[in-house]
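Taking it in order: structure first as C-alpha cells, then the write-up.
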2 protein chains.
Amino acid sequence: MGHTDSVNTRAPLTRREQKERTRVALLDAALRLLERKSFGSLGLREVAREAGVVPTAFYRHFDSMEELGLALIDDSFRTLRRMIRDARAQDLAFEHVIRDSVEILVRHVHAHRLHFRFVARERSSGMPVLRQAIRAEIRLFSSELATDLARFPFLDRWSTEDLGVLATLIVNTMVSTAEEIVDAPSGGQQLEREIVRRAEKQLLLIALGVPQWRSSGAEAPDVS
Amino acid sequence: MGHTDSVNTRAPLTRREQKERTRVALLDAALRLLERKSFGSLGLREVAREAGVVPTAFYRHFDSMEELGLALIDDSFRTLRRMIRDARAQDLAFEHVIRDSVEILVRHVHAHRLHFRFVARERSSGMPVLRQAIRAEIRLFSSELATDLARFPFLDRWSTEDLGVLATLIVNTMVSTAEEIVDAPSGGQQLEREIVRRAEKQLLLIALGVPQWRSSGAEAPDVS
DNA sequence: CTAGCTTGTGCACAAGTGTTCACTCAAACT
DNA sequence: AGTTTGAGTGAACACTTGTGCACAAGCTAG
C-alpha cells in the first residue's frame with residue numbers, strides 16, 4: 001500500500017475496519033463538498049481527492065455516484081429516525097407538544113447540519129432516484145405521525161384520510177422550518193429565534209383549526 | 001453569417017429581433033435541459049448545443065451561466081406575478097377563495113410547467129445567488145398576501161407579525177402543492193385530483209384556525 | 001453606396017471528467 | 001509456514017468542459 005496516511009492511523013487495523021474507515025472518509029468528503037455544490041455537479045474524482053484517496057479506490061466502495069448518494073440518504077434518515085423514536089419514547093405531554101417538538105427538531109438540525117442540508121437540497125432537485133428516495137422517507141414519517149396523532153383528543157375520531165392531510169401539513173411545516181434553519185447563517189441567533197417562533201405559531205394555528213374540523217368522512221369539506 | 005438555420009427563419013430580420021431570437025433560444029434550451037438535470041450541473045456548451053448555436057456565441061448574450069439563471073428566474077416570476085395580479089383583479093368572493101386560488105395555481109403550473117420545475121428545484125438547491133433570488137421573490141409574495149389577507153373578517157385586527165406568519169404558512173402550502181404537481185407524472189389525472197383535494201383541505205384547516213386565534217399582539221401565544 | 005459595428009463561426013488550448021488496466025503489498029486464511 | 005485475497009496505487013484512454021482569439025458576413029448608420 002502506498003501512503004494513505006490521510007485515512008490511515010498507525011494502529012494495527014483489521015481489514016474490515018480499514019475499509020469502513022475510508023468508506024466514511026468518502027461519505028464525509030462528499031458531505032463536506034455538498035455544503036457548496038449540488039450533488040448533481042459533484043464529481044467522483046472530486047470526492048476521492050477530498051477524501052485523500054485515488055479516484056479508482058472509489059469503486060471499491062460504490063460503483064457509481066448515485067450509489068453514494070443513496071448511502072448518504074440512508075445515513076441521514078437512520079439518525080433522523082433514531083431521533084424521532086427517542087422523542088416518541090419521551091411521550092410528550094399534550095400541553096408542550098408543539099414547543100418541545102420544534103425544539104427537538106432544531107437541536108437535531110444543528111447536530112446533523114450537513115446531513116440535513118444535503119437532504120433538504122436534494123429533496124426537490126437533482127437525480128430522480130435520490131429525490132424519490134427522500135420523498136418516500138418523508139412520506140413514511142407523515143404516515144407514522146398520522147397514527148401518532150390519532151391518540152390526541154378530537155383526532156381519535158378523524159378519518160384516516162383527514163389524519164393524513166393533517167400529518168402532511170405538519171410535516172411540510174417542519175420541513176420548511178428545517179430548511180430555513182439550515183440556510184440561516186450559523187451565527188444568527190436572533191434570526192433563528194424568529195424562525196422557531198414562527199414555526200411554533202404556525203403549528204399552533206393548525207392545532208386551533210383541529211377542533212373546528214367536522215369529520216365529514218370521505219365527503220369533501222364544503223369549501224364553496 | 002454561417003448556417004444558423006436552427007434559430008433563423010428566412011424572413012428578413014432586424015438585428016435586435018435576431019439577437020432576441022437566439023437569446024430566447026438559449027433560455028428555452030436551458031429550460032428544456034433542466035427537466036432532466038440540475039442547474040448546477042448544466043454546462044455552457046450543453047446549452048449552446050441544445051440551442052443550435054456555437055459555444056462562443058453564448059457570451060454575446062450572457063457572460064456566465066449564473067447570469068442566464070437569473071434571467072430564467074426573472075422570466076418565471078414575471079409571468080407568475082402577472083397571474084397573481086390578474087387573480088387579484090377578479091376579487092374572489094370569500095366563500096370560494098380556497099377552491100378558486102388552488103385552481104388558478106394549478107392552471108398556471110400547467111401553463112408554465114418548465115418554469116415552475118426550474119424554480120421549485122433551484123429554490124433550495126444549487127447556486128446561492130439563484131437560491132437567494134428565488135427566496136426573495138417568494139418572501140415578496142408572502143408580504144403581498146399578508147396585506148391582502150387583512151381585508152378578510154377576523155384578520156383585520158391581527159398584528160402585522162401574525163399576518164406574516166399566516167401568509168407564510170399559506171404560501172408554503174401553495175409551494176408544496178406546486179412542487180407535487182410539477183413532479184407528478186403528466187398523465188396522472190387521478191393523482192393530481194388527490195393533490196388538489198389535499199391542498200384544499202389543508203388550506204381549509206388553516207382557515208378554521210383563524211377565528212380561534214387570540215390576537216395577543218407581540219406576546220407569544222401560550223403554547224406551554 | 002460605403003464603412004463599421006455586432007452577431008455568430010471555427011479552431012485551439014489547458015484542465016478536468018469517468019473508467020480501464022496491470023500493479024503492489026499487507027492482512028487473512030489454510 | 002506459504003498462499004490467497006482485495007484495498008489502494010498510478011498511468012493511460014477518450015471525452016467534455018470553459019474560454020481566448022482571429023475571422024466572416026450582414027444589418028445599420030453615415
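Lettering follows sequence order; numbering is per chain, from 1.
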Gap between atoms CZ and C1', on B:Phe58 and D:dT17 respectively (whole Å)
13 Å
Is the closest basic N to carboxylate O distance between A:Arg78 and A:Asp74 below 4.0 Å?
yes
Is there a ring pair (Phe, Tyr, Trp, His ring centres under 6.0 Å) between A:His115 and A:Phe77? Walk through the geometry before answering.
CA-CA 9 Å; A:His115 277 109; A:Phe77 280 99; 9.8 Å; no
In sequence, state the C-alpha distance, the side-chain angles, and the governing distance for B:Glu103 and B:Arg107, and then conclude on salt bridge (Lys or Arg N to Asp or Glu O under 4.0 Å).
CA-CA 6 Å; B:Glu103 191 195 319; B:Arg107 200 199 310 287; 2.7 Å; yes
Between B:Thr168 and the options B:Ile170, B:Val165, B:Val171, B:Asn172, the side chain to side chain contact (heavy atoms under 4.5 Å, CB included) test singles out B:Asn172
Toward the 5' end of DNA chain C, which comes first, A:Ser64 or A:Arg60, by nearest nucleotide?
A:Ser64
Has B:His61 got a side-chain N or O lying under 4.0 Å from the OP1 or OP2 atom of C:dT7?
no
Send over the distance from B:Glu20 CD to C:dT7 C1', rounded to a whole Å.
14 Å
Whole-Å distance between C:dT19 C1' and A:Asp63 CG?
12 Å
Expressed as a whole number of angstroms, how long is the span from A:Phe62:CZ to D:dG8:P?
11 Å
Proximity to the side chain of A:Val54 - top-ranked nucleotide from D:dT28, D:dG10, C:dA28
D:dG10
OP1 or OP2 of D:dG8 under 4.0 Å from side-chain N/O of A:Gln18
yes
Using atom CG of A:Leu68 as one end and atom P of C:dG18 as the other, report the distance to the nearest whole Å.
12 Å
Any donor-acceptor pair under 3.5 Å between the side chain of B:Thr56 and the base of C:dG10?
yes
Could you tell me whether the side chain of A:Arg15 has a donor or acceptor atom within less than 3.5 Å of a complementary atom in the base of D:dT5?
yes
I need the NZ-C1' distance between A:Lys19 and D:dG8, as an integer number of Å.
11 Å
What is the separation between atom CD on B:Glu66 and atom P on D:dG18, rounded to the nearest whole Å?
14 Å
What residues in residues 41-49 of chain B put a non-hydrogen atom under 4.0 Å from any atom of DNA chain D?
B:Gly43, B:Leu44, B:Arg45, B:Arg49
To check you understand the geometry: which heavy-atom pair defines the closest contact between A:Glu161 and B:Arg197, and what is its length?
OE2-NE, 2.7 Å
Compute whether any side-chain donor of one residue and acceptor of the other, for B:Ser124 and A:Ser124, lie under 3.5 angstrom apart.
yes
Both B:Tyr59 and B:Arg16 contact DNA chain D. Taking the nearest nucleotide for each, which residue is further toward the 5' end?
B:Tyr59
Under 4.0 angstrom between B:Thr22 side-chain N/O and C:dG8 OP1 or OP2
yes
Criterion side chain to side chain donor-acceptor pair (under 3.5 Å) on A:His112 and A:Ser76, from CA distance to verdict:
CA-CA 8 Å; A:His112 304 274; A:Ser76 303; over 6 Å; no
Rounded to the nearest Å, what distance is computed from the CZ atom of residue B:Arg23 to the C1' atom of nucleotide C:dG8?
17 Å
Among D:dT19, D:dT9, C:dA28, which nucleotide has an atom closest to any side-chain atom of A:Thr14?
C:dA28
